[in-house]
Amino acid sequence: MVDLKKWSRRVLTLSRGALVAGAALGLAASMAINAASAQESDSLRPKYFADLKGKKIVFLPVQMSMDFTKDWDRSFAEMAKQVGMDYSVRDANWSSQAQVQALDALIVEKPDVILAHNFNVSVLAKQLKRAEDAGILVIQLNLKSLYDTTAYVGIDNTQIGVVGGREIVKDCGEGSGKNGKVAIIIGEPTASDGIYQIQGLKEAFAKDPHIQIVATQSGKWDPKVSHDVTATILQQNPDLCAIWSLWGVQALGSSQALKEANLTGKVGLYTASEGLRYGCDAVKSGDFTHLVIWNSQQIPRDVFQIVTFLLQNHVKPGTMKGAVYTPLLEVSKDNLQDNMCWDPVH
Amino acid sequence: MGAQDEAVHSSRAVQPRSDWGRILLTQQNLVWIVALICFLTFSIILRGFARLDNIVTLVRTVAVLGTLAVAMSVTVIGHGIDLSVASVMAVCSAWTITLMSLGYAEQSAIAMGLGLAFIIGLVNGVLIAYVEIPAILATLATGIVLFGLSEILLIRSTVVSLPASSVIIRYLGQGAFLGVPMAIVVAAAAVIVVHLLLAFTRWGRLTYALGDNREAARLSGVDVRGLMLAQYIFSSLIAFVAGLSLVGSGPIFSTRIADGGIIFDVVLVVVLGGVSLSGGMGGMAGVVGATALIGVLVNGMTILDLSNQMQSLIKGTVLLAAVVIDSLLHPRDEQTSRQGDI
């Protein structure tokens, strides 16, 4: 005989259990869904766009006619567009006076961020301080001022000097069998790049008393001036071991002077560049002995990381100070690869 | 005709009154004497300075400067000035090789560059001779406009590379004629051509007459405006040839040279060479002497490893001295000062 009561009780218990289990399952499921929806909305995102949208950012370059500054401009414009920032350029077009005037006007106009590419170490120093006092974030690019603003992004020129100098010591120093005579050709005499590179070079040369600097001249960032200076130095020192040239474009002028004196390969040419194709070509042809690349294409991303971080945290200009140096790549015939250099977009 | 000849004969440069002749000689000689003294001093104190190789390097360094000075002196003798020569030199020649990299044949690219230089000279001439804008302002402006145009329209970069396909331009910059580098040959040719034109043709003599006294020249029947037009076109064309030789000299060329103060060096050479800013005076001998002096100074100072600031200081002092001597030797009075004087 079937115990109906017992059965019904069991069914009831079972169904109650099922109900509880179902409810639990449902709860778990709904919790899972809730959890998923919480993950879907990124809590940082609204603030990110709210803090960046409509912010004014101005690029103040020494010139806008070189491939690497044009490349920077394209990248800045693209990145600003993606976050809704208002981006513009004030081209100094190789005139320090024009740069001073542009910055003066900007201090009145009061954008949120200025990206300053300093013509030389002193010309903008006072104004950069005034700009930060006025509440404008100032990021310095590649060419430094004596006055440190919130951030510097770009080349570590001292390190370039150290790396290039180390290579020259290796090829011309004690035990190399060479006489150790070195000529240094910097760019604009008052710009930060040459001043810091010479410090780095001297740091490297200090390790080897055999190295002897026979000339320190200015190539003014110009191949023709560099050519003439190099030709004159070579007349005086045909037994030179190495030439350090500040920048690849002007080093090409020096390489022409070496060619004319039939000294290509006999006098080493050491230089640094932004990584444009001509540099790798010159290493390949033997015109450059050693090239230190500071990849200019990496700089806009570093700049934007800093700018977006500072703006999201409403950092008061001048309260933080720091540098982001671009990694260096050493190129010589031994390790040359095509992808080490980049092609300009026209 | 007779009146024109009279204008020619009244010019102090061609038929100098005895005192003017002596002063002119003194100034031209002065620059040669100073150049020679510097040369001898450096030869004694600097090892290898007087070697032939170094002298060739020295002359090459100032060849373009000298050619531009030749171009500018044509206009200064005619009592004007052409400050656009540096821009014309850099931009027209850089445009020529840009056209070549865009696929134009070398000859047609050169023709187009020459055409652009001609147009700039024409615009200068029209502004100065017909619109009567002072030469210093008109040519300063056209130079700036041309430089701006180059970045917006023509070249779009300050650095241009010499295409591998270039033969003529490369020869002008890197070739040699009878063992002499073409850069020097081009400069020498410019000096000789301009000297012959100024000294032996009616055009040249009228240029002196115009520079000496424009009103007298006009009253004598000289086509003053046409003559000025021709001077500015001519100066532009010489500047273009100097530019071709310059872009041909290396694998890469920066138009920034036009922006880097070379024009002040050109004025320095012109004034130092005895081509007075008050017009109608001077000639190629002085310009060559002044170019040599600058070459010796720059070369010697580089060998001495003087800093850039020191070099500028010395060059600036020489310019100042030249301007002072110029105004002492050629004082202004009611007769020589004119409206629109520079």
Side-chain angles (χ1 to χ4, degrees), chain A residues 62-70 91 93-95 183-190 194 213-238 248-257 259-261 276-278 281-282 285 287 344 346, chain B residues 46-49 51-58 60-65 90 101-102 147-148 150-152 155-162 173-174 176 181 246-247 249-262 295 298-312:
Chain A
V62 166
Q63 43 72 22
M64 275 288 288
S65 47
M66 299 289 304
D67 284 322
F68 75 92
T69 37
K70 279 192 220 166
D91 183 6
N93 199 10
W94 298 105
S95 153
I184 299 175
I185 301 174
I186 58 163
E188 281 291 332
T190 51
I213 300 173
V214 295
T216 308
Q217 286 290 316
S218 162
K220 299 199 175 164
W221 296 332
D222 185 320
K224 154 79 175 152
V225 180
S226 293
H227 169 274
D228 294 347
V229 167
T230 310
T232 306
I233 294 174
L234 286 174
Q235 282 300 325
Q236 200 63 13
N237 307 283
V249 166
Q250 65 169 37
L252 287 176
S254 297
S255 84
Q256 181 65 25
K259 241 176 244 168
E260 287 162 9
L276 272 159
R277 180 63 56 205
Y278 73 83
D281 289 347
S285 64
D287 288 333
H346 283 297
Chain B
L46 296 175
R47 186 178 49 84
F49 179 82
R51 268 211 331 265
L52 185 64
D53 286 352
N54 189 54
I55 294 169
V56 171
T57 305
L58 183 163
R60 265 199 72 171
T61 307
V62 287
V64 168
L65 177 66
S101 18
L102 291 174
F147 202 73
S150 87
E151 293 197 356
I152 295 166
I155 306 166
R156 295 174 174 236
S157 175
T158 41
V159 175
V160 283
S161 309
L162 183 66
Q174 297 175 22
L246 184 58
V247 294
S249 69
I252 202 163
F253 173 75
S254 167
T255 55
R256 205 172 89 77
I257 191 166
D259 217 17
I262 192 174
V298 169
N299 188 282
M301 290 191 297
T302 308
I303 294 177
L304 281 171
D305 203 21
L306 295 186
S307 72
N308 199 264
Q309 288 87 339
M310 194 65 194
Q311 296 196 11
S312 305

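A note on names: the letters A, B, ... follow the listed sequences, proteins ahead of strands, and every chain is numbered from 1.
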Residue [X] versus chain A: region with a heavy atom under 4.5 Å:
X      : value
B/R51  : side chain
B/L304 : neither
B/N308 : side chain
B/T57  : side chain

In terms of heavy-atom proximity below 4.5 Å to chain B, should [X] be classed as side chain, backbone, both, or neither?
X      : answer
A/V214 : backbone
A/Q250 : neither
A/K220 : both
A/T190 : side chain

field: Under 3.5 Å: donor-acceptor pair, side chain of A/S218, backbone of A/G187
entry: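 Yes.
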Can you see whether [X] engages [Y] through a side-chain donor-acceptor pair at a distance of less than 3.5 angstrom?
X      : Y      : result
A/S95  : A/N93  : no
A/T69  : A/Q63  : yes
A/T232 : B/T302 : no

Taking atom [atom1] of [X] and atom [atom2] of [Y], what is their separation to the nearest 0.5 Å?
X      : Y      : atom1 : atom2 : answer
A/Q256 : B/S249 : CD    : OG    : 7.0 Å
B/L46  : A/Q236 : CG    : CD    : 6.0 Å
A/D228 : B/L58  : CG    : CG    : 10.5 Å

Best-contacting candidate, A/P223, A/A257, A/A261, against chain B by heavy atom pairs under 4.5 angstrom: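 Winner by heavy-atom pair count: A/P223.
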- prompt: Of all of B/T255, B/V64, B/I252, B/V298, which one pairs up most often with chain A through heavy atoms under 4.5 Å apart?
  reply: B/I252
